[in-house]
Amino acid sequence: MKLQIILVILLTIIAYPLKAQSEQNCLSAGCHDTFMKAKNIHPALEDGCESCHDQISQNHPKGKGNEFKLTEDKSELCFDCHDEPDEKLMTHEAFAGGECISCHSPHSSNNPSLLKSGNVGELCAKCHDVINKENMVKHGPAVSGQCNVCHEPHQSANTALLKEEPPQLCFNCHESNKEMLKLPTVHGAYEGSCTECHNPHDSKYEFLVKEAIPNLCLECHDDMGEEFKSAKVVHKIINQDKSCTSCHSPHASKTETLLLKEGKDLCFSCHNKEYKDEDRTLANIYKIVTESKYPHEAVADGDCTDCHFPHSSNNFYLLNSKFPFGNYVKGADPKNFSLCFECHESDALKLEKTTSATNFRNGNINLHYLHISKNKGRNCTLCHNIHGSNNPHIIADKVQFGKWQMPLNYKATENGGSCAPGCHGKLKYTR
Ligand code: HEC
Ligand code: HEC
Ligand code: HEC
Ligand code: HEC
Ligand code: HEC
Ligand code: HEC
Ligand code: HEC
Ligand code: HEC
Ligand code: HEC
Ligand code: HEC
Ligand code: HEC
Ligand code: HEC
Ligand code: HEC
């Protein structure tokens with residue numbers, strides 16, 4: 001036992017100067033000793049320089065090069081000791097081709113895994129130009145050169161050498177996005193892959209989206225794109241600001257149609273102010289609905305989408321059914337007012353005389369019929385403020401008549417009412 005130990009020690013002592021001498025040749029001070037000063041040294045160096053370099057001329061170190069050649073072609077050399085690519089996996093061309101030394105130092109390095117740069121992105125940039133400087137938006141991990149948090153450098157079972165396929169790849173860092181899968185409605189596209197909409201590296205557009213919105217959305221929702229081309233009115237917001245995403249979450253939401261807010265609150269997030277431009281003013285609907293003494297019940301208890309389409313329409317003001325534009329209308333045909341008569345009885349308009357179809361009558365003379373049945377019939381909006389009013393029966397205070405805000409001076413009485421608009425002097429009706 002003791003003898004064996006002594007033998008080993010003896011052999012080590014004898015062998016040491018021999019090995020040291022051969023290394024001393026190459027690694028002695030002033031020669032290639034710098035290799036040994038780095039933090040990480042390739043274990044292959046322990047087997048001597050000869051495992052990779054064959055001396056082919058005795059001129060070294062005096063010669064001017066060409067005194068050594070690699071023991072094998074560069075593309076084969078490293079595979080002498082390292083595993084060949086696994087054929088079952090996708091292989092990076094740079095790895096299969098044995099271009100190991102474009103990324104690794106064969107000798108030593110201060111970086112982990114003998115990498116030639118501490119910034120992996122710099123290595124990749126030798127062959128790939130994935131980040132366009134002109135693109136304003138850049139993905140943090142890519143622009144900081146951490147390509148290998150998403151990509152395997154050698155081989156992978158996934159497309160594009162990814163460590164994992166999206167969405168899981170993305171969820172690894174964007175954890176809150178994974179939580180969204182638990183919401184009641186998840187966007188069909190979100191269940192697929194994040195890269196349907198996002199670029200992984202950079203983009204011209206905010207949030208790394210591949211295309212500006214709405215085009216991004218219309219690529220899949222192409223039927224809507226067609227609708228917009230032919231529609232008479234497209235909701236202006238669709239071509240402004242955040243477009244589709246001012247109302248929809250692109251990922252998931254509590255509502256069936258991925259809305260950011262429910263019901264009227266969605267519309268009120270913008271229509272809580274007047275919109276004014278040269279040729280028209282859109283009223284502050286929020287104010288009318290919340291501050292009027294008599295909001296139209298259809299608005300107060302219902303939804304804006306009971307009367308309006310959210311995207312586009314062939315009716316003015318995005319109405320979802322027919323309603324006349326302007327102050328006058330030809331004839332009292334209920335079809336022209338189908339929007340109203342989805343909920344109200346059209347007899348109020350059809351019968352010249354009635355004691356029941358409407359309360360807007362003088363005795364049995366139907367004043368709705370009287371006002372509307374003429375060639376120049378009055379539109380409902382000449383008397384009613386559709387969203388709400390401080391007068392009973394949502395009778396407007398004032399209506400637009402050309403540039404004049406015409407007052408109606410309506411007063412309800414127990415059995416009828418009176419008004420003194422700009423159209424005629426004060427008149428009253430009693431049922
Ligand atoms: C694992 C294989 C391997 C081992 C071991 C190895 N080398 Fe190299 N060496 C290479 C490769 C590959 C190149 C790059 C050749 C090229 O770029 O064409 C290289 C290049 C060199 C060069 C020229 C360029 C440079 O990087 O300075 C020198 C000098 C060199 N080796 C010295 C040594 C010495 C000294 C040892 C032993 C201490 C050694 N090598 C051990 C693989 C090896
Ligand atoms: C003579 C055998 C041999 C050759 C040839 C060889 N290696 Fe190695 N290499 C090793 C051994 C042994 C290790 C340590 C065990 C391991 O990680 O596989 C190693 C480790 C490495 C490591 C990991 C280092 C670390 O710190 O994690 C890299 C990178 C590497 N080799 C690159 C190369 C490259 C590039 C070449 C070709 C220029 C090459 N090797 C050629 C034997 C060799
Ligand atoms: C495109 C650059 C690139 C090329 C080419 C490349 N590697 Fe690597 N290699 C890396 C990076 C980056 C790592 C660090 C792995 C990580 O992300 O953790 C690495 C790690 C390694 C390691 C240590 C960890 C491991 O995977 O075992 C070895 C050994 C290695 N490479 C050998 C090689 C060999 C041999 C070749 C050529 C056949 C090669 N590499 C080609 C970039 C490269
Ligand atoms: C020595 C040149 C070279 C270097 C360095 C290099 N690559 Fe490659 N890479 C290639 C070539 C060649 C291809 C195949 C042609 C192509 O798709 O551009 C490729 C393809 C790829 C692909 C596409 C694979 C696929 O199947 O779609 C990815 C991803 C990739 N490289 C990532 C990287 C990353 C990450 C780095 C840095 C760690 C890197 N490359 C460094 C040469 C290189
Ligand atoms: C956040 C994860 C992530 C990071 C970081 C990342 N990539 Fe990618 N990369 C991807 C994804 C995902 C794809 C696949 C895109 C697709 O399917 O459309 C991809 C595709 C690629 C491709 C092939 C297709 C193309 O766009 O040319 C190359 C090459 C590539 N990446 C190189 C790089 C380089 C180089 C870096 C570092 C500068 C990098 N990647 C950083 C996720 C990433
Ligand atoms: C390694 C971690 C990591 C991975 C993996 C990753 N991201 Fe990121 N991502 C970040 C960081 C860090 C930011 C910058 C966050 C910030 O500025 O607040 C970011 C930003 C973003 C942004 C822009 C957010 C904003 O507020 O402008 C989007 C969109 C995004 N990532 C999508 C993705 C997608 C899609 C994937 C999968 C292909 C992915 N990310 C994978 C780390 C990651
Ligand atoms: C249908 C297209 C689409 C898909 C699919 C998609 N996104 Fe987005 N994503 C967007 C849009 C658009 C925005 C900008 C949202 C905004 O304006 O509020 C965004 C914003 C983001 C942001 C930054 C803001 C935030 O919500 O934190 C991250 C991170 C993000 N997406 C990650 C992902 C991930 C991870 C996936 C895959 C699981 C994914 N996205 C799938 C379109 C999409
Ligand atoms: C990659 C294709 C794709 C893109 C891009 C896309 N969607 Fe979708 N969208 C779908 C699919 C698939 C469905 C589910 C099937 C359906 O209802 O048509 C869906 C459904 C919807 C729904 C209805 C939700 C439901 O469950 O009824 C809304 C709202 C929606 N998308 C809005 C958007 C918005 C906003 C964008 C742009 C930010 C967008 N989509 C981009 C594919 C896409
Ligand atoms: C002003 C808010 C708003 C904007 C902007 C908006 N939507 Fe919608 N969207 C809605 C509402 C509200 C619904 C639900 C309609 C209903 O339930 O009657 C809806 C429904 C949908 C639906 C499902 C039902 C259908 O009509 O097919 C899809 C898909 C959709 N929107 C896509 C989009 C896309 C794509 C954009 C951008 C081009 C967009 N939306 C812009 C409010 C909006
Ligand atoms: C009962 C049907 C109905 C409901 C419900 C309804 N609207 Fe209207 N809306 C109309 C009609 C009819 C017009 C056109 C007549 C007019 O000029 O007032 C209109 C016009 C508008 C206008 C533009 C013209 C203006 O009045 O200044 C906006 C904006 C509007 N509505 C928003 C909304 C919002 C927001 C909601 C939900 C809070 C809503 N509407 C609910 C029927 C309705
Ligand atoms: C993100 C802001 C935003 C949201 C949310 C929004 N709108 Fe609008 N809406 C606008 C803008 C901007 C206009 C155009 C104003 C102008 O003409 O200057 C407009 C115009 C309208 C018009 C007049 C259409 C025309 O051009 O004739 C109606 C009606 C309307 N919105 C109804 C709605 C309804 C109903 C909702 C809820 C489903 C809604 N809006 C949600 C911003 C919004
Ligand atoms: C979605 C259903 C619905 C639609 C569409 C609708 N309304 Fe109404 N409206 C109601 C409800 C419900 C009431 C309250 C009950 C009642 O008085 O009939 C009401 C009340 C009224 C009143 C006040 C009645 C009173 O005596 O206080 C007027 C005026 C009115 N609506 C006019 C209209 C006009 C004009 C239209 C078409 C632009 C219209 N409505 C469209 C549901 C609707
Ligand atoms: C000339 C003014 C005027 C016009 C035009 C007008 N209304 Fe009226 N409407 C009234 C008055 C006044 C009342 C209140 C009657 C009462 O209860 O004393 C009323 C009441 C109503 C009511 C409550 C039920 C009823 O009939 O008593 C509804 C619904 C209604 N109007 C719908 C409409 C519709 C729809 C139109 C357009 C087709 C319209 N109105 C046009 C003045 C008008």
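We count ligands from 1, going down the list as the structure has it; atoms in each ligand are counted the same way. Everything quoted here is computed from the prediction, not taken from an experiment.
Side-chain atoms of His42 do not come within 3.5 Å of backbone N or O of Ser105 as any donor-acceptor pair. Of the possible polar contacts, none joining the Asn199 side chain to the Leu208 backbone as a donor-acceptor pair under 3.5 Å is found. A donor-acceptor pair under 3.5 Å links the side-chain atoms of Asn379 to the main chain of Pro324, judged by distance alone. Without hydrogens or angle criteria, Thr354 side chain to Ser356 main chain gives a donor-acceptor distance under 3.5 Å. Counting only distance, with no hydrogens or angles, the side chain of Asp202 and the backbone of Asn132 share a donor-acceptor pair below 3.5 Å. Proximity of a side-chain donor or acceptor of Lys261 to a complementary backbone N or O of Ser269 within less than 3.5 Å is not detected. With hydrogens and angles disregarded, a donor-acceptor distance shorter than 3.5 Å links the side chain of Asn390 to the backbone of Lys293. When atom types are taken as modelled, the side chain of His92 and the backbone of Glu152 share no donor-acceptor pair closer than 3.5 angstrom. His187 places a side-chain N or O within donor-acceptor distance of the main-chain N or O of Pro250, the cut-off being under 3.5 Å. Between the side chain of Ser108 and the backbone N or O of Met36 there is no donor-acceptor pair closer than 3.5 Å.
The shortest contact between atom 9 (N) of ligand 2 and any protein heavy atom is with His42 NE2, 2.7 Å. Among all non-hydrogen protein atoms, the one lying nearest atom 20 (C) of ligand 6 is His139 CD2, 3.5 Å. Protein heavy atom in closest approach to atom 29 (C) of ligand 6: Phe207 O, 3.3 Å. With hydrogens left out, the protein atom closest to atom 34 (C) of ligand 6 is Cys170 SG, 3.5 Å, a heavy atom. Looking only at heavy atoms of the protein, atom 42 (C) of ligand 9 is closest to Pro310 CB, 3.5 Å. Protein heavy atom in closest approach to atom 14 (C) of ligand 9: Thr257 OG1, 3.7 Å. Residue, atom and distance of the protein heavy atom nearest to atom 23 (C) of ligand 6 are Leu208 CD1, 4.2 Å. Scanning all protein heavy atoms for the shortest distance to atom 26 (O) of ligand 9 gives His311 CE1, 4.0 Å. Looking only at heavy atoms of the protein, atom 5 (C) of ligand 9 is closest to Cys247 SG, 3.6 Å. Ranking protein heavy atoms by distance to atom 12 (C) of ligand 6, first place goes to Pro141 CD, 4.4 Å.
For atom 11 (C) of ligand 2, the candidate residues are Ser113, Cys81, Pro43, Gly98; the nearest heavy-atom contact is made by Pro43. Atom 33 (C) of ligand 6 has its nearest heavy-atom neighbour, among His198, His174, Glu164, in His174. With atom 35 (C) of ligand 2 as the reference point, the heavy atom nearest to it among Cys100, Cys52, Ser109 is part of Cys100. Which of Lys261, His271, His248 comes nearest to atom 40 (N) of ligand 9 through a heavy atom is settled by distance: it is His248.
Distances from ligand 6 to the non-hydrogen atoms of Leu169 include at least one value under 4.0 Å. At least one heavy atom of Phe228 lies less than 4.0 angstrom from ligand 9. Put simply, part of Leu114 is less than 4.0 Å from ligand 2, judged by heavy atoms.
Around the CD atom of Glu274, the shell of radius 6.0 Å holds more than 12 heavy atoms that belong to other residues, nucleotides or ligands. Residue-environment remark: CD (Glu175) stays at or below the threshold of 12 foreign heavy atoms within 6.0 Å.
Closest of all the heavy-atom pairs between Ile101 and Lys74 is CD1-CD, 3.4 Å. Pairing each heavy atom of Glu67 with each of Asn59, the nearest pair is CG-CB, 4.1 Å.
Close contacts between ligand 9 and His221 involve ligand atoms 29 (C) [criterion: under 4.0 Å to a heavy atom]. Close approach to Leu259 involves these atoms of ligand 9, each under 4.0 Å from a residue heavy atom: 10 (C), 11 (C), 12 (C), 42 (C). In the vicinity of Cys217, heavy-atom distances shorter than 4.0 Å reach the ligand 9 atoms 35 (C). Atoms of ligand 9 found under 4.0 Å from any heavy atom of Pro214, numbered from 1 in the order shown, are 38 (C). The distance from ligand 6 to the heavy atoms of Val149 drops below 4.0 Å at these ligand atoms: 1 (C). The distance from ligand 6 to the heavy atoms of Cys194 drops below 4.0 Å at these ligand atoms: 35 (C). Near Ile237, with a cut-off below 4.0 Å to any heavy atom, the atoms of ligand 9 are 5 (C). Those atoms of ligand 2 that come under 4.0 Å of a heavy atom in His104, given as number and element, are 29 (C), 35 (C). Short contacts between ligand 9 and Ser243, defined as distances under 4.0 Å to a heavy atom of the residue, involve ligand atoms 5 (C). The His235 neighbourhood of ligand 9 comprises atoms 1 (C), with distances under 4.0 Å to a heavy atom of that residue.
Among the atoms of His82, an N, O or S atom falls under 2.8 Å of atom 8 (Fe) of ligand 2. Residue contacts to atom 8 (Fe) of ligand 9: Cys244 brings no N, O or S atom closer than 2.8 Å. With a cut-off of 2.8 Å, atom 8 (Fe) of ligand 2 has no N, O or S atom of Cys78 in range. Because the distance cut-off is set at 2.8 Å, Cys173 fails to qualify as a neighbour of atom 8 (Fe) of ligand 6, as none of its N, O or S atoms comes that close.
A salt bridge between Lys229 and Glu226 is present, with a side-chain N of the basic residue lying under 4.0 Å from a carboxylate O of the acidic one.
Ring to ring, His371 and Phe360 are close: their centroids are under 6.0 angstrom apart.
By the 30° and 60° cut-offs, the orientation of the rings of Phe35 relative to His32 is parallel. Ring orientation note: the planes of His344 and His296 are close to parallel, at an angle under 30° on the 30°/60° scale.
At a 4.0 Å heavy-atom cut-off, ligand 9 does not touch Leu258 at all. At a 4.0 Å heavy-atom cut-off, ligand 9 touches Met224 through the side chain alone.
Atom 31 (N) of ligand 6 lies below 4.0 Å from at least one non-hydrogen atom of the protein. For atom 17 (O) of ligand 2, the nearest protein heavy atom lies 4.0 Å or farther away.
The side-chain heavy atoms of Cys52 and Leu77, taken from C-beta on, include a pair separated by under 4.5 Å.
With rounding to the nearest 0.5 Å, the separation of CG in Leu339 from SG in Cys343 is 8.0 Å.
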